[in-house]
Amino acid sequence: MGMLPDAGTGLLALIGWPVAHSLSPVMHNAGFRRLGWNLCYLAFAVPPEPGEVAAAVKGLRALGSRGFNVTVPHKEAVAKLVDELDHSATQVGAVNTVAVRQGSLVGYNTDGLGFIASLKEQGFDPKGHSVLVFGAGGAARGVVAAMVQAGVRRVVVANRSPDKAQRLVEDVRSFQPLAEIQAVPLEYACVVRQAQGVTLVINTTSVGLNPEDPPVWTDFSIFDSRSLVVDLIYHSETTPFLALANEAGFRTMNGLGMLVHQAALSWQVWFGEPGPVDVFYDAARSALRERGSGADHKRKE
Ligand code: ATR
């Protein structure tokens with residue numbers, strides 16, 4: 001314990017903008033400490049201006065980093081900068097984990113499988129389920145692609161901007177032509193019409209990061225009572241969306257499991273073995289407790 005960096009310390013990193021609230025450094029460093037590995041994980045705020053991400057990626061390679069994570073808004077840019085893309089990243093066109101192997105950069109995406117792992121940890125195998133997803137941004141893309149891969153029966157994507165949902169649906173169909181997936185506007189009547197048979201409901205929007213936000217959806221009476229209701233937000237145990245679902249008697253899950261499992265799968269990419277999930281949970285929960293649950297805590301990693 002208490003190992004300090006020395007001349008032999010290996011560097012892992014996160015690049016994003018902003019990164020100040022990221023829980024990745026506390027999780028990964030707690031894991032390294034637990035295993036007694038001489039590694040250090042640092043978060044770097046890399047501005048979104050053209051050329052900056054490319055310089056950061058080149059710099060990490062030149063500095064001999066074993067690998068790094070990538071977060072908003074650089075996931076798509078890094079997918080174009082790596083030497084090779086793993087299939088986990090090609091379909092979403094976004095990279096959250098890079099391995100440096102003999103100076104060559106290989107891009108992966110562990111967000112989607114991290115999400116699936118967090119569902120399974122709750123005893124929920126999404127295979128065969130019908131899913132309603134609120135939101136069509138980067139987070140939605142990752143989880144939808146992973147769920148289609150995992151064999152869900154049907155996906156409905158409800159988004160405020162319907163064109164964005166339509167684009168997501170078309171992109172998924174381009175690699176999974178048989179996927180039963182459709183886009184609808186996030187309007188009461190449109191969502192109600194699609195609710196039949198849904199057994200997994202997921203909020204991927206940022207609505208609820210501010211606890212004063214009205215929930216993205218309020219009428220849970222339209223869903224099958226056996227449904228699992230998920231919010232990808234993790235800065236607090238519950239969100240306005242999950243609180244309503246709970247009151248209505250549903251099983252619920254926040255986004256902490258996805259955060260922890262994407263980190264564990266990053267270890268798989270870097271070290272060939274998954275990270276210690278229990279250590280990551282403890283580190284993330286104690287960091288969240290220390291911070292309190294302010295509204296400025298982004299869920300992004
Ligand atoms: P992320 O990586 O979190 O997915 P994003 O790509 O910016 O971030 O996407 C944010 C998502 O939250 C989008 O689906 C967005 O809807 P629009 O496509 O219509 O912008 C959704 N969102 C954000 N604020 C919202 C609000 N007040 N009501 C409904 N949806 C909202």
Side-chain angles (χ1 to χ4, degrees), residues 14-24 46 48 53 69-79 88-89 91-97 109-115 118 131-148 155-172 181-192 194 201-220 229-236 239-242 244-245 253-259 262 295-301:
L14 169 69
I15 57 173
W17 180 272
V19 291
H21 290 294
S22 172
L23 294 170
S24 290
V46 177
V53 196
N69 286 130
V70 183
T71 187
V72 179
H74 300 318
K75 292 182 184 187
E76 287 81 14
V78 170
S88 60
Q91 295 194 341
V92 274
V95 160
N96 83 321
T97 304
N109 196 313
T110 68
D111 288 330
L113 282 180
F115 177 68
S118 72
V131 193
L132 171 63
V133 175
F134 293 111
R141 280 180 174 269
V143 304
V144 168
M147 287 190 300
V148 168
V155 182
V156 176
V157 180
N159 197 48
R160 179 178 59 181
S161 322
D163 334 343
K164 203 156 143 196
Q166 193 54 44
R167 276 201 301 281
L168 189 166
V169 163
E170 277 155 23
D171 289 348
V172 170
I181 175 164
Q182 79 191 91
V184 297
L186 211 179
E187 285 163 19
Y188 187 79
C190 302
V191 173
V192 171
Q194 302 298 332
V201 181
I202 308 167
N203 174 38
T204 73
T205 75
S206 42
V207 184
L209 270 176
N210 181 341
E212 272 109 66
D213 288 343
V216 73
W217 187 260
T218 53
D219 184 2
F220 286 87
V229 179
V230 181
D231 196 326
L232 296 191
I233 291 170
Y234 58 69
H235 70 279
S236 54
T239 66
F241 179 77
L242 292 184
L244 283 177
M253 178 180 108
N254 75 1
L256 193 62
M258 177 178 180
L259 174 78
Q262 63 77 30
D296 58 338
H297 299 142
K298 308 292 281 184
R299 71 179 191 280
K300 303 299 161 39
E301 281 304 311

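When a ligand or atom number is given, it counts from 1 through the structure's own listing order.
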At less than 4.0 angstrom from any non-hydrogen atom of [X], what atoms of ligand 1 do you find?
X      : answer
Gly135 : 14 (O)
Ser161 : 17 (P), 18 (O), 19 (O), 20 (O)
Ala139 : 1 (P), 2 (O), 4 (O)
Gly138 : 1 (P), 2 (O), 4 (O), 6 (O)

Query raised in the report: For ligand 1, which part of Arg160 has a heavy atom less than 4.0 Å away: the side chain, the backbone, both, or neither?
Result: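 The answer is both.
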Report task. Mind checking whether Val207 contacts ligand 1 via backbone (N, CA, C, O), side chain (CB onward), both or neither, at a 4.0 Å heavy-atom cut-off? Result -> side chain
Gap between atom [atom2] of [Y] and atom [atom1] of [X] - 0.5 Å precision:
X      : Y      : atom1 : atom2 : answer
Asp171 : Gln166 : CG    : CD    : 10.0 Å
Lys75  : Thr97  : NZ    : OG1   : 8.5 Å
Thr71  : Asp111 : OG1   : CG    : 8.0 Å

Query - Residues Asp163, Ser161; criterion side chain to side chain donor-acceptor pair (under 3.5 Å); working and verdict - result: CA-CA 6 Å; Asp163 334 343; Ser161 322; over 6 Å; no
Report task. Return the orientation label for the Trp217 and Tyr188 ring planes: parallel under 30°, perpendicular over 60°, tilted otherwise. Result -> parallel
Query raised in the report: Can you name the salt bridge (charged side-chain N to carboxylate O under 4.0 Å, His left out) partners of Asp219, sequence neighbours left out?
Result: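 By the salt bridge (charged side-chain N to carboxylate O under 4.0 Å, His left out) rule, Asp219 matches no residue at all.
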Query raised in the report: Would you say Val72 contacts ligand 1, with heavy atoms under 4.0 Å as the rule?
Result: no
Report summary line: side chain to side chain contact (heavy atoms under 4.5 Å, CB included) test vs Met258 passes for just one of Thr110, Leu232, Leu113, namely Leu232
Requested in this report: Report yes if Ala140 has an N/O atom closer than 3.5 Å to an N/O atom of ligand 1; otherwise report no.
Outcome: no
Query raised in the report: So, is Thr205 polar-close to ligand 1, with some N/O to N/O distance under 3.5 Å?
Result: no
